[in-house]
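Only one structure is covered here, and it is reproduced in the block below.
Proteins come first, then strands; the chains are lettered A, B, ... in the order of their sequence lines, and each starts at number 1.
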2 protein chains.
Amino acid sequence: MVRMADVARAAGVSVMTVSNVLNERLPVGEPTRARVMAAVEALGYEVNLTARHLRAGRTDTVAFVVPSFHDYFGELADHLAPLVEAEGRHLVLERTSANAEQEMEALSVARLQIYDGVLLSVAGLDLEQLRRVRTAKPIVLLGERDVPDHLNHVRLANESGAHLATAHLIERGSRRVVALGCSFDGAHMMTTDRRAGWEHAYRDAGLTADPAYVVPVSDYTSLGGRDAMLDFIASGLPFDGVFAVTDIVALGALSALADSGLRVPDDVQLAGFDNLDMSHFIPPGITSVDANHEGVAEAAVGLLHRQMSGWTGPAEHVVAPVRLVVRGSTRGGA
Amino acid sequence: MVRMADVARAAGVSVMTVSNVLNERLPVGEPTRARVMAAVEALGYEVNLTARHLRAGRTDTVAFVVPSFHDYFGELADHLAPLVEAEGRHLVLERTSANAEQEMEALSVARLQIYDGVLLSVAGLDLEQLRRVRTAKPIVLLGERDVPDHLNHVRLANESGAHLATAHLIERGSRRVVALGCSFDGAHMMTTDRRAGWEHAYRDAGLTADPAYVVPVSDYTSLGGRDAMLDFIASGLPFDGVFAVTDIVALGALSALADSGLRVPDDVQLAGFDNLDMSHFIPPGITSVDANHEGVAEAAVGLLHRQMSGWTGPAEHVVAPVRLVVRGSTRGGA
DNA sequence: CTGTTAGCGCATTCAT
DNA sequence: ATGAATGCGCTAACAG
């Protein structure tokens, strides 16, 4: 390994001069500068980022900690990356497997130290665990769970989004809308917020929501959505609409409906949440609540950047607005 | 920040004893050990990973460098993570934006130094650029392009997979199969290999492949696939099958076919490549060549692990086998 | 089993 | 404008 000292010797200068040239810090005379650069080229020198980090206390790297790399998180990460890079930093992804133990480990001070800031998608952590997160490191939480006041947080307008989708289904003629993957669980969570939106849409339409139409899923995958939908169909309860808690779950429902000979949107209207790329293209097009990746990414990186710049005001809790994207899985205007 | 020295003082031992306790290296007497652990707890000490790295020359971290975080790469990353973790290391993802400049930067010695090993998805780099990658760091290339002999590489059996898919389409009755997203371009390995498989399937069936049915796409997205498919339909050339170069492109084709009133599989059979999760569920189920994430992940991590263990034999070039998964987008057996 | 010595490669501080 | 000294926090090697 070639070190700065080797470059310095080759260029006939001191180590500090090399450092100053490479970091463009103190002004360096042009001839000296040229000699240093020549030596850097000749020796193929590359700075040792670890040593710089230890000395300077800065990595120029931000971590996005996610439960899994695919689908929603991967798409969001692609939106975060340019914003982080615009500030001259790298973005790296770390995975927690939606597992509370690993998620805590990812949050351990040890792991945090190697990043200038951390964006954490909170999936497997409850409020109590999050309360224990005490760190001076800049950190912003992302996701649809309740979080402690002292931590910055960006989440979606879940209830409003579910309301939009359900109201749309009702307006377009559905009267019995399954809330697939929603729940009554007490914790302030994605599935309960979205269930509340579903409920309020009924109320606002002068109808009454039947709790029997709140159908949980075993896991938030297409398979989970498919199985739950098939079970519901088998139960014989009449229905003419499905609001799925995520597009992934909606895709499972679509599959189940197709296999059961139910036509979308003629027999059953379908709406999802997240507006994944694929939802544009899956025939007949899945109506979905857009998860506003741009807005979430911008808010999160903004909050993080502010902290990394030394701002120390109180934590902020941003609720990113959402909008409904109407496609072929719901019927045309009356 | 609380350092090891603080713990040592609190426990009344030397710094080295603390280090030995925490790393479980040299045996430490039980009472001493208990005192140290108590002090660690009391002070909330966490090891400084940067200092450890600088001193020990080891990060216990592997990077997976990808062109983008979503879809194929995200899914593959989820398969890599457990394998890397099984060896006691972390996996982190870095993005290159399929941009040669950034990809080279990700490969720069400076960036590599902070990882014990690197898995690189080669998307935006050509052979010449890869030849310049000279590093002692363990590195394994993933992807469907040509790479220099001196670098370890894992890729898919592209031609064989395309052959499987096309032969299946022909066997189930298609005679004019569009090779969507394929090409004759020498540089783009994936698309040419898959085109070759398509061609050979024709030949093996005693038919002749018409180059007019090799339809390029502007980019490898669903939108690109959709637009190219719509253009082809508009051209009026008769066709009764589509082999799409990826499932993402196949989804675009499915969308175009649906909008054009063509039924899948009755009017047009469709097959893709990658077997993304969604392909199971998108009605009528997309027949696809499975990208064998397990096999690719296992081979790649195996090669990387071998290098990280100090093995220095010649580079290996693994071709992971693929298989066809038949679903509703192709017709049942004759 | 425990402590001492030394230094990983760089950047901050101060001197020249 | 350049250089010398110092130490970031930790662990390898050795001494006791």
Side-chain angles (χ1 to χ4, degrees), chain A residues 1-37 39-40 43-61 108-116 136-137, chain B residues 1-40 43-61 108-116 136-137 310:
Chain A
M1 158 169 297
V2 38
R3 294 151 309 155
M4 223 176 215
D6 301 320
V7 175
R9 196 176 322 109
V13 297
S14 81
V15 175
M16 267 329 291
T17 301
V18 178
S19 178
N20 285 331
V21 168
L22 294 178
N23 293 297
E24 296 176 346
R25 230 133 68 70
L26 301 189
V28 175
E30 188 44 42
T32 313
R33 189 194 138 67
R35 279 214 314 290
V36 169
M37 290 312 287
V40 166
L43 299 178
Y45 171 76
E46 301 265 4
V47 66
N48 181 321
L49 295 174
T50 303
R52 169 181 289 174
H53 180 198
L54 180 59
R55 182 63 240 237
R58 184 174 50 79
T59 55
D60 296 325
T61 302
S108 81
V109 179
R111 257 337 260 179
L112 286 189
Q113 277 169 343
I114 71 177
Y115 299 112
D116 288 350
K137 277 282 169 185
Chain B
M1 158 169 299
V2 38
R3 293 151 309 153
M4 223 175 216
D6 302 320
V7 175
R9 196 175 323 108
V13 298
S14 80
V15 177
M16 264 328 288
T17 301
V18 178
S19 177
N20 286 331
V21 168
L22 293 177
N23 294 294
E24 296 175 345
R25 229 133 71 68
L26 302 187
V28 175
E30 188 45 41
T32 313
R33 187 193 140 67
R35 278 215 315 290
V36 169
M37 290 311 288
V40 166
L43 299 178
Y45 171 76
E46 301 264 5
V47 66
N48 181 321
L49 294 174
T50 304
R52 167 182 288 173
H53 179 197
L54 180 60
R55 180 63 240 225
R58 185 174 48 79
T59 55
D60 296 324
T61 303
S108 81
V109 179
R111 250 351 254 178
L112 286 188
Q113 277 168 344
I114 70 177
Y115 300 112
D116 289 350
K137 276 283 167 183

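A:Glu30 meets the salt bridge (charged side-chain N to carboxylate O under 4.0 Å, His left out) test with A:Arg33; sequence neighbours excluded. Taking the salt bridge (charged side-chain N to carboxylate O under 4.0 Å, His left out) definition, one finds that B:Arg25 meets it with nothing, sequence neighbours left out.
In this structure, A:Arg33 atom CZ and D:dA1 atom P are separated by 13 Å, rounded to whole Å. Note: CZ (B:Arg58) to P (D:dT11) measures 8 Å, nearest angstrom.
Closest approach of A:Gln113 to B:Val47, counting heavy atoms only: OE1-O, 3.1 Å.
Side-chain contact check for B:Thr50 versus A:Ile114: some heavy-atom pair is nearer than 4.5 Å. Taking the side chain as every heavy atom from C-beta outward, A:Asn48 and A:Met1 approach each other to under 4.5 Å.
Between the NE2 atom of B:His53 and the OH atom of B:Tyr115 there is a distance of 10.5 Å, given to the nearest 0.5 Å. Atoms CZ and CG, on A:Arg58 and A:Leu49 in that order, are 10.0 Å from each other to the nearest 0.5 Å.
Residue whose closest nucleotide on DNA chain C sits further toward the 5' end, between B:Gly29 and A:Asn20: B:Gly29.
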Within the 4.0 Å limit for protein heavy atoms, which parts of nucleotides 4-10 of chain D are touched? Write it as a string from 5' to 3', B for base, S for sugar-phosphate only, - for none. B--BBBB

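Using five terminal pairs a side, the axes of the helix from C:dC1-D:dG16 to C:dT16-D:dA1 at its two ends make an angle of 30°, given in steps of 10 degrees.
Boundaries of the chain A contact region on DNA chain C are C:dG9 to C:dT12, first to last in 5' to 3' order (nucleotide atom under 4.0 Å from a heavy atom).
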Quick one: side chains of residues 2-20 of chain A, donor-acceptor pairs under 3.5 Å with protein atoms, not counting sequence neighbours, listed by atom name and distance.
{"unit_1": "A:Arg3", "atom_1": "NH2", "unit_2": "A:Asp6", "atom_2": "OD1", "d": "3.2"}
{"unit_1": "A:Asp6", "atom_1": "OD2", "unit_2": "A:Arg3", "atom_2": "N", "d": "2.7"}
{"unit_1": "A:Ser14", "atom_1": "OG", "unit_2": "A:Met16", "atom_2": "N", "d": "3.3"}
{"unit_1": "A:Ser14", "atom_1": "OG", "unit_2": "A:Thr17", "atom_2": "N", "d": "3.4"}
{"unit_1": "A:Ser14", "atom_1": "OG", "unit_2": "A:Thr17", "atom_2": "OG1", "d": "3.4"}
{"unit_1": "A:Ser19", "atom_1": "OG", "unit_2": "A:Asn23", "atom_2": "ND2", "d": "3.3"}
{"unit_1": "A:Asn20", "atom_1": "ND2", "unit_2": "A:Met16", "atom_2": "O", "d": "3.2"}

